[in-house]
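To start, the structure itself, in structure tokens.
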Amino acid sequence: MEIKAVETTQWDWSGDALAIGFFEDAVEIAGDLAALNEKLEGTIAELIAETEFTGKANSSATTRVGSKSPIRKVILVGLGKKEELKLAGIRTSGAAIARLAKKEKVKTLGIGLPVVENEALTTQGLAEGVLLALHVDNRFKSEAEDKGAVLETVELLGLGDREAAIQTAEAIASGVILARELVNAPANAVTPVTLAETARDIAFNGGLELEILEKEDCEKLGMGSYLGVAQASDLPPKFIHLIYKPEGTPRRKIAIVGKGLTFDSGGLNLKVGKGIETMKMDMGGAGATLGAAKAIAQLKPDVEVHFISAATENMVSGKAMHPGDILTASNGKTIEVNNTDAEGRLTLADALVFAEKLEVDAIVDLATLTGACIVALGEEIGGLWSTDDNLAQQLKDAAELAGEQFWQMPLQEKYFEGMKSPIADMKNTGPRSGGSITAALFLKQFVESTPWVHLDIAGPVWAEKEGGINNVGGTGYPVRTLVNWVLG
Ligand code: BES
Ligand code: MN
Ligand code: ZN
């Protein structure tokens, strides 16, 4: 499938299906639209009247046009109120149109939507929406029920030649799709070993540097916290450090650290009842980190980026850490593990210490860290904690542009009292209340002075239902935010 932006407007285009956007309560047949309506023998006016189409957001109407017409089908898309349409709405409209075109077996599609922000960003948003809505993950089906769209060309109308914007969208979509597929893959397909291989592929194809620390290397660095989690697994831990360096002097140096639990059984504090079967997604942070790396490798910004994940499984065996064990992290701090199911923070502790030693200007970690964050913010919104207002604002701006939602949460120092241990420097879990906040406070113990943002993405990495640009399963969240942040 080829996506391109063209000068041709929706009033002059011909092809299989034309999608036209309408603002709410501004559905009026006049001017250019009247001319097009006439060319289509009144079809647009009839469709609007018959379906009582008012242009409400997320509404659409589709019909077949007579076969002598230059267009075979028209798709009317509601954009909601004019003053409320943002780039995110453009992206989800692109997704909705792509889904309709797929259902209608359209081969050539023209999309005529208004410009939001500017032509380049509108083009990029539409292309991302189309590409991400049409992604189907059939890898584990012996025979695909959903064979994907038959679309051959998508033309984004009236936007001029926007080659660079299309390329950006394609690079970002490829990163989002990689993250989705890593999250979708079960724990017997994506393991610490295969995650490291994926990092190797990205490094090889994109010219990045790669360092994989084996268990012995991690021992030498004193990563007792990470290795405590890893010790019950039959699979070797892999500490992944992928490095993108621009040509010339980098504008800044940053680190992205993703939680990489390819399976979280809970350990001896075993996850009983519902929930354990979805814990293949506990490497969503690492998946998005690698997804971002894949996109960055293509986009080549003037920023040095370190992509880090302390990958492992959290398993049970005779070698497993006991609840109550005391671990020593690579910054010398000791941790009483009062719950082996709070393992993500244990792996991140050593990864954050490692990241800070690289003397980067900023660290962003992302983790499917707590069920408490889902309780607080629901499935669609990630939690954001930061020690640095400026960095927090950068991430919020990047997320806004990406159409990914985050809500800043407090680093309430007082709550760390709940993590005090009588025997070690801290426990790894506090009381049930404020569970995502104490998790963030725990991580903070492992970042000394580098500006840092923590993203809890336990909810939004996975979608139970298709909607917007997401299909059921891994969403690839927050690859787009990360990429925008790096580029910004
Ligand atoms: N991976 C889970 C968090 C999670 C839960 C992610 C649901 C996605 C969906 C994490 O390792 C975990 O088990 N957290 C515990 C912490 C608790 C023991 C303090 C939790 O949230 O219950
Ligand atoms: Mn856990
Ligand atoms: Zn976990």
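Both counts, for ligands and for their atoms, begin at 1 and track the order of listing. We use all heavy atoms of the structure for the numbers below, so side chains are in, but hydrogens, waters and symmetry mates are not.
The two residues A440 and H454 have their closest heavy-atom pair at CB-CD2, 3.7 Å. A286 and G260 make their closest contact through CB-CA, 3.6 Å (heavy atoms, listed as atom of the first residue, atom of the second, distance). Nearest heavy-atom pair, R200 versus I212, reported as atom, atom and distance to 0.1 Å: NH2-CG1, 3.7 Å.
The Mn ion (ligand 2) lies at 2.8 Å or more from every N, O or S atom belonging to D282. Among the atoms of D264, an N, O or S atom is found under 2.8 Å from the Zn ion (ligand 3).
Ligand 1 lies less than 4.0 angstrom from a heavy atom belonging to M279.
Expressed to the nearest 10°, the angle at the Zn ion (ligand 3) joining NZ in K259 with OE2 in E343 is 90°.
Closest to atom 20 (C) of ligand 1 among all protein heavy atoms lies G371 N, 3.9 Å. Among protein heavy atoms, the minimum distance from atom 2 (C) of ligand 1 is reached at D264 OD2, 3.6 Å. Protein heavy atom closest to atom 19 (C) of ligand 1, with residue, atom name and distance, is T429 CG2, 3.5 Å. For atom 16 (C) of ligand 1, the closest non-hydrogen atom of the protein is R345 NH2, 3.9 Å. Scanning all protein heavy atoms for the shortest distance to atom 18 (C) of ligand 1 gives N339 ND2, 3.4 Å. With respect to atom 12 (C) of ligand 1, the closest heavy atom belonging to the protein is D341 O, 3.2 Å.
Of the charged side-chain nitrogens involved, none lies within less than 4.0 Å of a carboxylate oxygen, so that K253 and E359 do not count as a salt-bridged pair. For the pair K102 and D146, the salt-bridge criterion is met [side-chain N within less than 4.0 Å of a carboxylate O]. Between R251 and D302 a salt bridge is recorded (basic side-chain N to carboxylate O distance below 4.0 Å).
Counting just the N/O/S atoms of D282, the one with the shortest distance to the Zn ion (ligand 3) is named OD2.
Counting non-hydrogen atoms of neighbouring residues, nucleotides and ligands closer than 6.0 angstrom, the CD atom of E380 reaches no more than 12 such neighbours.
When T278, N338, L369 are checked for heavy-atom proximity to atom 14 (N) of ligand 1, L369 turns out nearest.
Remark: aromatic rings of F354 and F446 are distant, center separation not under 6.0 Å.
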